[in-house]
Chemist: 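My structure is below; once you've seen it, I'll send some questions.
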Amino acid sequence: MTPIVKVFMPPKDILLPALEDVLYSGMVGEGQHVYSFEEKFKSIFGIENGFAVSSGTAALHIALILAGVETGDEVITTSMTAEPTNTSILQAGGIPVFADVDTKSGCLDADSIVEMVTDRTKAILVVHYAGYLVDIPLLKSKLTSKFQRNITIIEDCAHALGATIDGSAVGTFGDYGIFSFQAIKHMTTVDGGFLVVKDLEQNRKAKKLRWFGMEKGVERTTLDLDVLGYKYNMNNVTGRLGQLQLEYAQNNIKLHKCNALFYNNNLSNIPGLEVVKQEKRLEPSYWLYTLLCDDSEDVIQKLKNIDVAASKLHRPNHYHSLFSKYKRDKMVNLENFYKRLVHLPCGWWVNEETRDLIVETLKRG
């Protein structure tokens, strides 16, 4: 069956010798391979400042702490996301405030975000869901025109590696941005993440937070522990893997985009189906392809019949007991979006024959 997500690894003859060198080097923890990966990642994706960490969730938790989120602070967020987006808010002591989504893309709606802002709002956590994009410049404009204070914006780009807004990389528009290299993302380091930090003065604290509150390179018997940190560092093994993955990441992302554009062009005029197209200045990276259907379960079953996996993949977070008390009555767009949602596989593993079969199957109705 053609899977909806799939792990990519470099060829064995390239990958295994490189990993063997690291494994028997005597230095498998955080070290130069991590720092080399950081520099290469920033260079390729147009990021000025940031750090590799153990997961996208770790990056998000650090971002919330750096944003000053403490017990009782409100963080405007989305329920249409993977659960760690919002468990991280709880972990930091914050209160998730669910704004509604755009009924087409499933991404947060800027007007709904503005409506949710209160005096207790500490940050806005924007998820570029499935690789589709929230228009951050538009959101900033709406916030500036209505409020007399700056509100921290955190971009969750776990699904959106390689996506751009006005030609610039996502993750660079907010005060913080996070990426995920978990197993099934656009690129993987088995597990890992990246934290983008706009304020260079926070670099020292960010590095402390990823390593128990201590500074790397400082003699342990002389340093002073003055901040509560975590075991959030990346190690040399995943750092070396990340360096190799970056040789293939851009091409794989291009294949995601190519397949998505094929779907856009060939599924547009089928009764009962609707494709999601964003403004030209917003270029998604299509971790998953989002299709809106009058009968989502029927579409999922028809694709299953031809050995193609399709699903809704995520569950709105407010459906979980953990988040049920944060549910709002007015999330009409989200409910409509989720009812119609089907994600199709569109990654590097979907060849022309498979995507043609998907289109022909859906055309038959």
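All heavy atoms count here, side chains included; hydrogens, waters and symmetry mates do not.
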Chemist: Any donor-acceptor pair under 3.5 Å linking the side chain of Trp287 with the backbone of His256?
Modeler: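 Such a contact is absent between Trp287 side chain and His256 backbone.
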Chemist: Shortest non-hydrogen contact from Leu209 to Leu228?
Modeler: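 Minimum heavy-atom separation between Leu209 and Leu228: CD2-O, 3.3 Å.
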Chemist: Nearest 0.5 Å, please: how far is CZ in Arg281 from CG in Asp166?
Modeler: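 CZ of Arg281 is found 4.0 Å from CG of Asp166.
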Chemist: Would you say Val276 and Val127 are hydrophobically clustered, going by side-chain heavy atoms of ILVMFWY under 4.5 Å?
Modeler: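 Both belong to a single hydrophobic cluster.
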Chemist: Within 45 degrees of the axis of the six-membered ring of Tyr338 and under 6.0 Å from its centre: does Lys312 put its NZ or CZ there?
Modeler: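 Cation-pi check for Lys312 and Tyr338: passes.
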Chemist: Heavy atoms only: give me the nearest Leu288-Tyr132 pair and the separation to one decimal.
Modeler: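 Nearest heavy atoms, Leu288 then Tyr132: O-CE1, 3.5 Å.
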Chemist: For Glu247, enumerate each residue passing the salt bridge (charged side-chain N to carboxylate O under 4.0 Å, His left out) test, keeping only those at least two apart in sequence or located in another chain.
Modeler: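 Partners of Glu247 by the salt bridge (charged side-chain N to carboxylate O under 4.0 Å, His left out) criterion, ordered by chain and then number, come out as Lys40.
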Chemist: Apart from Leu225 itself, which Ile, Leu, Val, Met, Phe, Trp or Tyr residues share its cluster (side-chain heavy atoms under 4.5 Å, direct or through members)?
Modeler: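 Answer for Leu225: Trp211, Phe212, Met214, Val218, Leu223.
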Chemist: Start with the C-alpha gap between Arg120 and Asp73, add the side-chain angles, then the distance that decides, and say whether salt bridge (Lys or Arg N to Asp or Glu O under 4.0 Å) holds.
Modeler: CA-CA 6 Å; Arg120 297 172 63 191; Asp73 288 334; over 6 Å; no
Chemist: Measure the spacing between CD1 of Ile136 and NZ of Lys140 and express it to the nearest 0.5 Å.
Modeler: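 Going from the CD1 atom of Ile136 to the NZ atom of Lys140 covers 7.5 Å.
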Chemist: Using atom types as modelled and distance alone, determine if a side-chain donor or acceptor of Ser88 lies under 3.5 Å from a backbone N or O of Pro84.
Modeler: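 Such a contact is found between Ser88 side chain and Pro84 backbone.
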Chemist: Testing the basics here: between Lys142 and Ala110, what is the closest heavy-atom pair and its distance to 0.1 Å?
Modeler: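 Closest pair (atom of Lys142, atom of Ala110, distance): CD-CB, 3.8 Å.
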Chemist: For residues 220-231, pull every pair meeting side chain to side chain donor-acceptor pair (under 3.5 Å), keeping only residues two or more places apart or in separate chains.
Modeler: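 Those involving residues 220-231 are Lys208-Asp226, Glu219-Thr221, Lys231-Asn233.
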Chemist: Can you tell me if CG on Asp307 sees more than 12 non-hydrogen neighbours from other groups inside 6.0 Å?
Modeler: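 Enclosed: over 12 neighbouring heavy atoms sit under 6.0 Å from CG of Asp307.
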Chemist: Suppose clustering is done on Ile, Leu, Val, Met, Phe, Trp and Tyr with side-chain heavy atoms closer than 4.5 Å. Which residues sit in the same group as Val332?
Modeler: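 Same cluster as Val332: nobody, lone residue.
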Chemist: Is there a side-chain contact between Ser55 and Thr57, using heavy atoms and a 4.5 Å cut-off?
Modeler: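 Heavy-atom side-chain distance check passes, below 4.5 Å.
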Chemist: Which heavy atom of Ile253 sits nearest to which heavy atom of Gly162, and what is that distance?
Modeler: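 Distance-wise, the nearest heavy atoms are CD1-CA, 4.0 Å.
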Chemist: Does any N or O in the side chain of Gln182 come within less than 3.5 Å of the main-chain N or O of Gly56, such that one atom is a donor and the other an acceptor?
Modeler: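 Answer holds: no.
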Chemist: May I have the list of side-chain donor-acceptor pairs in residues 193-201 shorter than 3.5 Å, sequence neighbours left out?
Modeler:
unit_1: Lys198; atom_1: NZ; unit_2: Thr172; atom_2: O; d: 2.7
unit_1: Lys198; atom_1: NZ; unit_2: Gly174; atom_2: O; d: 3.3
unit_1: Asp199; atom_1: OD1; unit_2: Glu201; atom_2: N; d: 3.0

Chemist: Are Ile151 and Val97 connected in the hydrophobic side-chain network, where two residues link if heavy atoms are under 4.5 Å apart?
Modeler: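 Same cluster.
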Chemist: Per the side chain to side chain contact (heavy atoms under 4.5 Å, CB included) rule, which among His159, His186, Lys257 passes with Tyr286?
Modeler: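 Of all the options given, the one that passes is Lys257.
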Chemist: Between Ser141 (side chain) and Pro137 (backbone), is there a donor-acceptor pair under 3.5 Å?
Modeler: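 The answer is no, because no donor-acceptor pair under 3.5 Å joins these two groups.
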Chemist: Report the residue from Val170, Thr164, Val126 that forms a side chain to side chain contact (heavy atoms under 4.5 Å, CB included) with Leu133.
Modeler: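 Among Val170, Thr164, Val126, the one meeting side chain to side chain contact (heavy atoms under 4.5 Å, CB included) with Leu133 is Val170.
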Chemist: Check residues 13-26 and write down every donor-acceptor pair under 3.5 Å in which the side-chain atom is one partner and the other belongs to a residue at least two apart or another chain.
Modeler:
unit_1: Ser25; atom_1: OG; unit_2: Val22; atom_2: O; d: 2.7
unit_1: Ser25; atom_1: OG; unit_2: Met27; atom_2: N; d: 3.1
unit_1: Ser25; atom_1: OG; unit_2: Met27; atom_2: O; d: 3.3

Chemist: Please check this pair: side chain of Arg355 against backbone of Cys346, looking for a donor-acceptor N/O pair closer than 3.5 Å.
Modeler: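 Here the side-chain-to-backbone pair does not exist.
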Chemist: Do the ring planes of His343 and Tyr129 sit parallel (below 30°), tilted (30 to 60°) or perpendicular (above 60°)?
Modeler: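 Aromatic pair His343/Tyr129 classed tilted.
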Chemist: Using 0.5 Å steps for rounding, measure from the CZ atom of Phe337 to the CG atom of Leu292.
Modeler: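 That separation rounds to 6.0 Å.
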Chemist: Would you call Arg204 and Glu215 a salt bridge, taking side-chain N to carboxylate O under 4.0 Å as the test?
Modeler: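 Counted as a salt bridge, because a side-chain N and a carboxylate O are separated by less than 4.0 Å.
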Chemist: For residues Phe45 and Ala249, report the shortest heavy-atom separation together with the two atoms involved.
Modeler: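 The answer is CZ-CB, 4.5 Å.
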Chemist: Is there a donor-acceptor pair under 3.5 Å between the side chain of Gln245 and the backbone N or O of Phe8?
Modeler: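 A pair under 3.5 Å: yes.
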Chemist: Between atom CD1 of Ile4 and atom CG of Leu344, what is the distance when rounded to the nearest 0.5 Å?
Modeler: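 The CD1 atom of Ile4 sits 7.0 Å away from the CG atom of Leu344.
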Chemist: Determine whether a donor-acceptor pair (N or O, by modelled atom type, separation under 3.5 Å) exists between the side chain of Gln278 and the backbone of Pro284.
Modeler: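 Flag not set: sc Gln278 to bb Pro284 has no pair under 3.5 Å.
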Chemist: Atom CD in Glu155, atom CD1 in Ile124: separation rounded to 0.5 Å?
Modeler: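 Output value for this atom pair is 11.5 Å.
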Chemist: On a heavy-atom basis, which atom in Phe262 and which in Asp356 lie closest, and how many Å separate them?
Modeler: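 Nearest pair, atom of Phe262 first, then Asp356: CZ-OD1, 3.1 Å.
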Chemist: Does one hydrophobic cluster hold both Ile113 and Leu138, with members joined at side-chain heavy-atom distances below 4.5 Å?
Modeler: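 No, it is not one cluster - the side chains of Ile113 and Leu138 are not joined through contacts under 4.5 Å.
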Chemist: Is it possible for you to say whether Met116 and Leu64 belong to one hydrophobic cluster, with membership spreading through side-chain heavy-atom contacts below 4.5 Å?
Modeler: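 No: no chain of side-chain contacts under 4.5 Å links Met116 to Leu64.
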Chemist: Does the Ser79 side chain pair with the main chain of His318, one donor and one acceptor, at a distance under 3.5 Å?
Modeler: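 Side chain of Ser79 to backbone of His318, a donor-acceptor pair under 3.5 Å: yes, one is there.
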Chemist: Is a donor on one side and an acceptor on the other found under 3.5 Å between the side chain of Thr354 and the backbone of Val350?
Modeler: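 No, the answer is negative, given that no donor and acceptor are paired below the 3.5 Å cut-off.
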Chemist: Is the side chain of Glu38 donor-acceptor paired with the backbone N or O of Ala52 at a distance under 3.5 Å, no angle test?
Modeler: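 Yes.
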Chemist: Assess, by modelled atom type and distance only, whether the side chains of Ser36 and Gln32 contain a donor and an acceptor separated by less than 3.5 Å.
Modeler: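 Present: a donor and an acceptor within the cut-off.
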Chemist: What is the distance from atom CG of Asn252 to atom NZ of Lys6, rounded to the nearest 0.5 Å?
Modeler: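 The CG atom of Asn252 sits 11.5 Å away from the NZ atom of Lys6.
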